[in-house]
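One structure is given here, and the rest of the page talks about it.
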Amino acid sequence: LKKVSLFDNLNDEQLEHILRISHRRTLPAGTILFHEKESGTTFYVVLSGSIKLFTKSGSGEEKVLSLVNGGESFGELSLLDGRPRSASAQTLEPTTVLELASEHFMNLMQEHFDITRGILAELCRRLRATNEHVNDLTFLDGRTRVLKNLISLANKNGKRDGNMISIPMSLNYDELAQMAGVAKTVLTEVVRELEQRGVLQFGINEYKLNLLKLRS
Ligand code: CMP
């Protein structure tokens, strides 16, 4: 729990209290935690692994909104505004989560202003990220959006070794295209070009970006 930024300012006793009132679950890759439009009763903290948050269009096409990694949380919107889930949540790899029932989540917010402020800061961060994404969709071409998305995944999840960054990656091409907001054909074209230039190498569950070649 110590890696969870929302709980940064809590002491050991308070953390133990959270462990007592929450439910810890380890889920295999591909598990749906909830679907968009269901009513929400639970707040989730990711302890390890990763989760994809996504919506679906009327015709069934997916849009990945965000990835949630260890130490981050999600599922607060429907608890706060009483409206249905705004997105679906699915594990991308074996993932351990802490589940907090709505009433416990509300009590924690009431008792610990630091937690409330952390939730508000997270909502601010997401609004800013969404604004940036709208800007990118409006003003950048597809190729630039793919590059920007790969670089932002590298910044968030990557490990740097000299000029190379390794990024653990359980997203498939469809999901990468949805994140960047491009058709899959655009994604595969850009990926092919980057692989030919030696900028990008795809491995099993990871990709590597060569920063030196990316800049040239
Ligand atoms: P809730 O609506 O309860 O269930 C889906 C969750 O996905 C939502 O709460 C937020 O925690 C999260 N979520 C929804 N939209 C976004 C977004 N644009 N960026 C990041 N997280 C989101």
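Each ligand, and each atom within it, is numbered from 1 in the order the structure gives. When a residue number appears, it is its place in the shown sequence, counting from 1.
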Identify, by atom number and element, the atoms of ligand 1 in contact range of Phe34, meaning under 4.0 Å from any of its heavy atoms.
-> 4 (O), 5 (C)

The atoms of ligand 1 lying under 4.0 Å from a heavy atom of Ser66, numbered in the order shown, are 19 (N), 20 (C)

Exam field: side chain Arg85 to backbone Phe34, donor-acceptor pair closer than 3.5 Å | no

Specify the protein heavy atom at minimum distance from atom 11 (O) of ligand 1: its residue, its atom name, and the distance to 0.1 Å.
-> Gly75 N, 2.8 Å

So which protein heavy atom does atom 21 (N) of ligand 1 come closest to, and at what separation?
-> Arg126 CD, 3.2 Å

Measure Thr130 to ligand 1 on non-hydrogen atoms and call it side chain, backbone, both or neither using the 4.0 Å cut-off.
-> side chain

Which of the atoms of ligand 1 are close to Glu76, meaning less than 4.0 Å from one of its heavy atoms?
-> 9 (O), 10 (C), 11 (O)

Do Lys56 and Glu36 sit within salt-bridge range, that is, some charged N less than 4.0 Å from a carboxylate O?
-> no

Ion pair Glu132/Arg128, N-O distance below 4.0 Å = no

Arg126 bridged to Glu76 by N-O distance under 4.0 Å | yes

Who's the nearest protein heavy-atom neighbour of atom 3 (O) of ligand 1, and how far?
-> Ser78 OG, 2.6 Å

Where ligand 1 meets Phe74 - atom numbers and elements under 4.0 angstrom, heavy-atom basis = 11 (O)

Considering only non-hydrogen protein atoms, determine which one is nearest to atom 12 (C) of ligand 1 and report residue, atom name and distance to 0.1 Å.
-> Leu53 CD1, 3.5 Å

Any Lys/Arg nitrogen of Glu189 or Arg192 sitting under 4.0 Å from an Asp/Glu carboxylate oxygen of the other?
-> no

Do any N/O atoms on Arg85 end up under 3.5 angstrom from N/O atoms on ligand 1?
-> yes

Give the minimum heavy-atom separation between Ala154 and Ile165, together with the two atoms involved.
-> CB-CG2, 4.1 Å

Ion pair check, Lys208 and Glu206, cut-off under 4.0 Å = yes

Tell me which protein heavy atom sits closest to atom 16 (C) of ligand 1, plus the residue, atom name and distance to 0.1 Å.
-> Leu65 CD1, 4.0 Å

Which residue holds the protein heavy atom closest to atom 8 (C) of ligand 1, what is that atom called, and what is the gap in Å?
-> Ser86 OG, 3.5 Å

Out of curiosity, is Gly40 lining ligand 1, as in a heavy atom under 4.0 Å away?
-> no

For the residue pair Thr41 and Ser102, confirm or rule out a side-chain donor-acceptor distance under 3.5 Å.
-> no

Taking it one step at a time, do Glu62 and Lys52 satisfy salt bridge (Lys or Arg N to Asp or Glu O under 4.0 Å)?
-> CA-CA 11 Å; Glu62 269 188 26; Lys52 159 178 98 159; 3.0 Å; yes

